[in-house]
Amino acid sequence: MTNLADVADVTDPVGLATDVAARELLGLRVDPARGYAELLNGPGLLNSNRRLWGGAGLAAAIAATEQVLARPAVWATVQYISPIEEGERLALRVEALRQGRGLSQALVRGEVDGRLALIATGAFGASAREAGRDADRQVVTPPVDVVSPDEGKEPGGGPGDGMRARIEQRWGLATRPGPAGTPGAGRCALWLRMREPVPLSAVTLSVLADFAPAGLSVALGVPTFGLSLDNSIRVSGGLIADPGGTAAPGNGWVLLDVEVATI
């Protein structure tokens, strides 16, 4: 059986920035030759229920596949089959499906001691810029009603622990959520930034995007928590860190703009 001690700390041949993010944020170890990766669900990866942070599962599947296929992520989704508890080791096995000249598809199975914990699929390939098409179209100007991270207030309740403690938060809307029990308009904007100096990548964004349920808390007017059943992400064009120019390069703020349509 392959285990953490057998997995080499390998640098991806195409030099993907996600290698650094996966190693520093997740402690992920990848052996591209065997299509295998592994992480230990330690204190820095936990959610409020002491289980694996939902976005970390998607991030690990993306990072492992990027290194196995030597292609960056375009789109990926994960289904969580069973919770991954604190102290458990998640073993990821990457299976290449269709491999074309521009895009490849892959399937990732994540197991804990032989128990199926997650299944992820995705498409990996050249970005628009690498393919010689249009320059990236990433929106670098926030909506007009969103204040800068410097102006935004920190959410109450303190940073918490686990993964939450590793992420800075600022409200992005001038009108913040009302008193407890007062339903909001269903719109929530949060500026998020990793406290650690890691590159902005599909791995980092997968971790940060798991704050999306904050939109439910704002809509209901009460703190809301739940289990991750599935997570998805699509990366379009290149990634530009810190559009507001208020943070060190490679460790910039990301705006999470959530609108809840129905509850």
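Just so it is clear, the structure is predicted and the values come from calculations on it, not from any experiment.
- Under a 3.5 Å cut-off, the side chain of Asn41 and the backbone N or O of Ile84 do form a donor-acceptor pair.
- Between Ala37 and Val30 the shortest heavy-atom distance is CB-CG2, 3.9 Å.
- A single hydrophobic cluster is seen to contain both Met163 and Leu52, as judged by linkage of ILVMFWY side chains at heavy-atom distances under 4.5 Å, directly or through other members.
- Looking at residues two or more places apart in sequence or on another chain, you find a side-chain hydrogen bond (donor to acceptor under 3.5 Å, both in side chains) between Ser82 and Arg115.
- In terms of heavy atoms, Val235 sits closest to Ala73 at CB-O, 3.9 Å.
- The aromatic ring centres of Trp53 and Phe211 sit less than 6.0 Å apart.
- In terms of modelled atom types and a separation under 3.5 Å, the side chain of Arg195 and the main chain of Ala165 share a donor-acceptor contact.
- The heavy-atom pair separating Gly172 from Trp191 by the smallest distance is CA-CD1, 3.8 Å.
- With hydrophobic clusters built from ILVMFWY side chains whose heavy atoms lie under 4.5 angstrom apart, Ile81 does not share a cluster with Val94.
- The heavy-atom pair separating Ala63 from Leu28 by the smallest distance is CB-CD2, 3.7 Å.
- To the nearest 0.5 angstrom, Leu118 atom CG is 5.5 Å from Leu90 atom CG.
- The shortest distance between side-chain heavy atoms of Arg164 and Leu46 does not fall below 4.5 Å.
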Between Leu25 and Glu196, does the side chain to side chain contact (heavy atoms under 4.5 Å, CB included) criterion hold? Intermediate values first, please. CA-CA 8 Å; Leu25 289 183; Glu196 302 158 55; 3.9 Å; yes
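- No single ILVMFWY cluster, assembled from side-chain heavy atoms under 4.5 Å apart, contains both Leu92 and Ile119.
- The backbone N or O of Gly44 sits less than 3.5 Å from a side-chain atom of Arg166, completing a donor-acceptor pair.
- Distance check, rounded to the nearest 0.5 Å: CG of Leu256 to CD of Gln169 gives 10.0 Å.
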Could you please spell out the steps behind the salt bridge (charged side-chain N to carboxylate O under 4.0 Å, His left out) verdict for Arg170 and Glu168? CA-CA 7 Å; Arg170 300 288 187 277; Glu168 293 185 74; 3.7 Å; yes
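- Under the 3.5 Å distance criterion, the side-chain polar atoms of Thr77 are matched with a main-chain donor or acceptor of Asn231.
- For residues 102-112, no residue pair satisfies the salt bridge (Lys or Arg N to Asp or Glu O under 4.0 Å) rule, not counting sequence neighbours.
- Asn49 places no side-chain N or O within donor-acceptor distance of the main-chain N or O of Arg51, the cut-off being under 3.5 Å.
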Let me see the working for Leu69 and Gln99 under side chain to side chain contact (heavy atoms under 4.5 Å, CB included), right down to the final yes or no. CA-CA 9 Å; Leu69 299 182; Gln99 297 204 58; 4.2 Å; yes
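- For Val207 against Met194, the heavy-atom pair with the smallest separation is CG1-SD, 4.4 Å.
- Once rounded to the nearest 0.5 Å, the distance linking SG of Cys188 with CH2 of Trp171 reads 4.5 Å.
- Contact check for Val146 versus Pro143: side-chain heavy atoms found under the 4.5 Å cut-off.
- When the side chains of ILVMFWY residues are joined at heavy-atom separations under 4.5 Å, either directly or via intervening members, Leu107 and Tyr36 end up in two distinct hydrophobic clusters.
- With values rounded to the nearest 0.5 angstrom, Leu58 atom CG is found 7.0 Å from Ser232 atom OG.
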Between Val108 and Val78, is a side chain to side chain contact (heavy atoms under 4.5 Å, CB included) present by the stated rule, with each step listed? CA-CA 9 Å; Val108 181; Val78 64; over 6 Å; no
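- With rounding to the nearest 0.5 angstrom, the CG atom of Asp210 is 12.5 Å from the CG atom of Leu205.
- In the hydrophobic cluster analysis, where Ile, Leu, Val, Met, Phe, Trp and Tyr join through side-chain heavy atoms closer than 4.5 angstrom, Leu208 is grouped together with Leu39.
- The CZ atom of Phe124 sits 4.0 Å away from the OG1 atom of Thr65 when rounded to the nearest 0.5 Å.
- Panel note: side chain Gln67, backbone Ala64; no donor-acceptor pair is recorded below 3.5 Å.
- Side-chain atoms of Asp145 and Leu173, non-hydrogen and from C-beta on, do get closer than 4.5 Å to each other.
- The pair Glu86-Arg50 meets the salt-bridge criterion, since a charged nitrogen lies less than 4.0 angstrom from a carboxylate oxygen.
- Taking the charged nitrogens against the carboxylate oxygens, Glu259 and Arg187 have no contact shorter than 4.0 Å, which rules out a salt bridge.
- Across every non-hydrogen atom of Leu45 and Leu26, the tightest pair is CD1-O, 3.6 Å.
- The closest side-chain heavy-atom distance from Leu97 to Ser104 is not below 4.5 Å.
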